[in-house]
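Heads up, the thing below is written out as structure tokens.
Protein chains get the first letters and strands the later ones, always in sequence-line order, with residue 1 at the start of each.
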Protein chains: 2
Amino acid sequence: MRAKVKDVANKSGVSMATVSRVLNGNTRVNEKSKQRVLAAAKELDYLPNQAARSLVLKKSNILGIIVPNLENSFNSKLLATIEEEADREGYKIIICCIQENLEKEIKYVNLFRQMYIDGLIILNEKINSKSRKVLNSCEFPIVQASVLIKGLKNSISINVDNRKASCELVNYLIKNGHRDIAMITGNLVDQTSGQFRLDGYLQALKENDISVNENLIKSGNFTFDSGYKATKDILSKKEIPTAIFAACDEMAMGAASAALDLGYNVPNDISIVGFDNIESSRMYRPAITTIGQSTKIIGNLALMAILQSKNNAKTSIEFNNRQYPIIDNKIEIPYIFIERNSVKKF
Amino acid sequence: MRAKVKDVANKSGVSMATVSRVLNGNTRVNEKSKQRVLAAAKELDYLPNQAARSLVLKKSNILGIIVPNLENSFNSKLLATIEEEADREGYKIIICCIQENLEKEIKYVNLFRQMYIDGLIILNEKINSKSRKVLNSCEFPIVQASVLIKGLKNSISINVDNRKASCELVNYLIKNGHRDIAMITGNLVDQTSGQFRLDGYLQALKENDISVNENLIKSGNFTFDSGYKATKDILSKKEIPTAIFAACDEMAMGAASAALDLGYNVPNDISIVGFDNIESSRMYRPAITTIGQSTKIIGNLALMAILQSKNNAKTSIEFNNRQYPIIDNKIEIPYIFIERNSVKKF
DNA sequence: TTGTACGCGTTATCAA
DNA sequence: TTGATAACGCGTACAA
């Protein structure tokens with residue numbers, strides 16, 4: 001049986017109230033009793049009961065995280081960063097993976113609501129009316145990390161400008177002499193990584209008077225596998241593009257592998273660019289040209305946003321001596337273009 | 001303010017006890033009151049308070065998971081499977097990623113202890129005296145999924161025979177004419193994926209009267225990056241091996257990329273084998289020959305082990321009409337050898 | 001079949 | 001500076 005406050009009180013010869021005061025250190029207490037309590041607590045291996053604690057405090061020092069899946073290594077990296085930041089601020093994080101299943105999201109968000117978590121960070125972009133309702137009835141602040149869900153209450157979104165970044169990437173291809181450029185999009189119900197990246201692609205074509213060829217646009221689901229399949233599809237048609245823009249690095253590597261299997265050289269026959277700058281995009285051969293977003297910044301801002309959400313009416317958040325304004329419940333963060341070896345220059 | 005049992009009771013005109021009875025459905029209650037309670041609960045969007053609930057029940061229907069990092073995709077796959085199995089059994093899972101940091105493990109295990117979780121699944125193999133003490137003082141059952149920590153109380157371990165599997169893999173290389181075989185080990189403090197796989201390698205050499213060349217044994221940390229570096233190291237020496245056995249697929253792919261960068265053809269100049277059969281080992285070029293372990297079986301047995309741990313003295317666990325005996329607190333599961341295109345046959 | 005009242009372990013209030 | 005005690009929200013003996 002685990003020791004309770006009462007046991008510590010008995011052992012140290014003071015009241016439960018004093019024990020609580022010592023352990024939570026808010027008010028002043030006699031140094032002697034303090035030492036006795038501390039000693040007793042240690043000896044009894046006392047551990048506060050989280051359930052009882054949050055029942056009265058309505059606070060848990062726990063942050064909940066909803067992640068759509070664990071296959072995507074950008075998400076993994078982001079989770080790691082968030083954990084670090086949270087740890088530094090004295091918060092623990094709990095990760096719930098919903099396997100792209102909104103029913104599970106609802107289940108876990110309700111679990112979080114029952115647990116008195118202090119904030120929620122969501123990396124999942126899909127939503128339906130039911131999950132929206134549950135999210136909107138949360139009593140804690142919600143941060144959308146690298147995703148955008150419109151019309152969510154009590155919530156802000158942190159993102160790079162995915163349209164602009166994608167446009168820049170495709171413009172880079174065009175500048176290097178490519179005109180027949182295919183795209184493997186993500187799931188278009190995902191705004192930022194799906195629709196916006198497609199938007200950027202279309203805009204770049206438009207800016208350069210290149211007409212859109214629907215046959216060159218395929219959709220995947222952000223996995224290596226889907227990039228592979230989409231590329232086999234693209235390369236089995238008559239019109240072979242000279243370049244492929246995949247909406248994430250996993251799909252870009254899948255695309256490259258498919259091209260290789262079909263006997264194409266990358267980048268000499270087919271150039272490929274990705275998005276996210278995941279670890280292995282650097283290590284793949286050829287190394288993938290891509291867009292990087294700083295998980296450090298996202299993670300830190302996400303945490304700051306939650307911590308500062310009590311003092312509402314915040315109009316900006318500071319990180320590393322830089323101010324990030326909050327406009328329309330959104331924070332825009334910078335991205336970087338990373339040139340590597342997966343694009344041929346004509 | 002969220003609705004409480006009392007609110008539901010008031011609205012439906014019965015007592016709190018009756019509401020509780022309806023919502024937990026253990027004892028019989030008048031059908032009419034039942035309907036009224038259900039309607040009221042729904043209308044008020046009633047959600048039980050987890051903290052209060054587990055405070056009295058000393059049970060949460062939550063399973064805790066400790067994972068060393070989220071970079072390794074075998075772990076990701078395993079997590080996904082565990083989630084599925086848990087969901088089917090009515091359990092929610094909470095994942096805590098400790099970033100290879102035992103202090104964090106202690107912190108999270110203590111959090112779990114405070115939360116009345118019903119069981120813990122650990123995917124982390126490292127341990128020290130402090131974390132061992134905390135794990136040993138847990139009041140819930142612990143399952144070691146695909147890891148082995150010796151002398152842990154109240155705990156069983158589920159594993160393939162890593163020694164045997166590694167030995168088989170290296171024997172396959174030898175049978176195909178390789179004799180100068182390098183190995184990139186994992187971190188050797190990890191028993192199963194570190195030491196045991198090295199043991200298997202050494203045993204295979206011994207069985208075939210091949211003397212051990214220490215220069216051909218490098219250690220990595222299960223990442224693509226470390227496999228890459230180790231291989232550059234190996235291939236910069238005088239004695240170039242014809243094959244490399246990497247202790248996991250990530251490192252195998254890192255090894256292959258390094259070899260390619262140095263101008264070697266894989267598998268014609270250098271053959272490479274991995275371990276774990278992660279998704280991308282199939283999609284990499286060349287596709288990696290490897291050992292597969294079924295996350296399905298591991299996840300399911302882990303769950304069964306926790307659920308059945310109350311009725312102790314269990315000597316075996318059933319899954320898919322097959323009995324898995326528990327011997328010395330260990331369950332051995334089968335592995336499969338997966339031949340692909342990363343090995344040259346002389 | 002139903003309701004009253006107590007206990008779960010903790011913190012906060014109020015007197016002392 | 002301390003101690004008794006009332007919450008927090010729920011489940012369940014026990015009594016009715």
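- Listed by first residue number, the stems of DNA chain D with at least three Watson-Crick or G-U pairs below 3.5 Å are C:1-16 with D:1-16.
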Please report, to 0.1 Å, the donor-acceptor pairs under 3.5 Å made by any side chain of residues 92-103 of chain A, with sequence neighbours excluded.
residue : atom : partner : partner atom : Å
A/Q99   : NE2  : B/A80   : O            : 3.3
A/E100  : OE1  : A/K126  : NZ           : 3.0
A/E100  : OE2  : A/N69   : ND2          : 2.5
A/N101  : OD1  : A/E103  : N            : 2.8
A/N101  : OD1  : A/K104  : N            : 3.2

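- Rounded to a whole Å, the OH atom of A/Y116 is 11 Å from the C1' atom of D/dC10.
- Atoms CD (B/Q50) and P (D/dG11) sit 10 Å apart, rounded to a whole Å.
- A straight line from CG of B/N24 to P of D/dG9 spans 17 Å, rounded to a whole angstrom.
- Non-hydrogen atoms lying under 4.0 Å from DNA chain C are contributed by B/S33, all within residues 33-48 of chain B.
- By the side-chain hydrogen bond (donor to acceptor under 3.5 Å, both in side chains) test, B/E85 pairs with B/R88, B/N300, sequence neighbours left out.
- To the nearest 0.5 angstrom, A/R113 atom CZ is 11.5 Å from A/L120 atom CG.
- If you measure from atom CG of A/N49 to atom P of C/dG7, you get 17 Å, rounded to the nearest angstrom.
- Atom NZ in B/K59 sits roughly 17 Å away from atom P in C/dG9 (whole-Å rounding).
- The residue B/L57 sits close only to the backbone: its heavy atoms come under 4.0 Å of sugar-phosphate atoms, none of a base.
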N/O contacts under 3.5 Å, protein versus nucleotides 3-7 of chain D?
residue : atom : partner : partner atom : Å
D/dG3   : OP2  : A/S15   : N            : 2.9
D/dG3   : OP2  : A/S15   : OG           : 3.1
D/dG3   : OP2  : A/T18   : OG1          : 2.8
D/dG3   : N7   : A/R21   : NH2          : 2.7
D/dG3   : O6   : A/R21   : NH1          : 3.3

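- Between B/R53 atom CZ and D/dC10 atom P there is a gap of 9 Å when expressed in whole angstrom units.
- Contacts of A/L23 classified as side-chain contact (heavy atoms from CB on, under 4.5 Å), with partners at least two apart in sequence or in another chain: A/V19, A/V37, A/L38, A/Y46.
- Atom CG of A/L55 and atom P of C/dC8 are 14 Å apart (whole Å).
- Atom-to-atom, NZ of A/K58 to P of C/dA12 comes out at 12 Å; the value is rounded to the nearest Å.
- Every residue two or more places apart in sequence or in another chain that forms a side-chain contact (heavy atoms from CB on, under 4.5 Å) with B/E318 is listed here: B/N321, B/Q323.
- The side-chain hydrogen bond (donor to acceptor under 3.5 Å, both in side chains) check on B/N75 picks up nothing, with sequence neighbours excluded.
- Residue B/N30 is the one, among A/V19 and B/N30, whose nearest nucleotide of DNA chain C lies closer to the 5' end (criterion: closest heavy atom).
- Residue pairs meeting the salt bridge (charged side-chain N to carboxylate O under 4.0 Å, His left out) criterion with at least one partner in residues 33-47 of chain A, sequence neighbours excluded, are A/K11-A/E43.
- By the side-chain contact (heavy atoms from CB on, under 4.5 Å) test, B/M16 pairs with B/V5, B/K6, B/A9, sequence neighbours left out.
- For the side-chain hydrogen bond (donor to acceptor under 3.5 Å, both in side chains) test, residues two or more places apart in sequence or in another chain that qualify with B/T295 are B/T81.
- The side-chain contact (heavy atoms from CB on, under 4.5 Å) check on A/K153 picks up A/N136, with sequence neighbours excluded.
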Check the pair B/S155 / B/Q144 against side chain to side chain donor-acceptor pair (under 3.5 Å), numbers first and verdict last.
CA-CA 7 Å; B/S155 169; B/Q144 305 160 43; 2.7 Å; yes
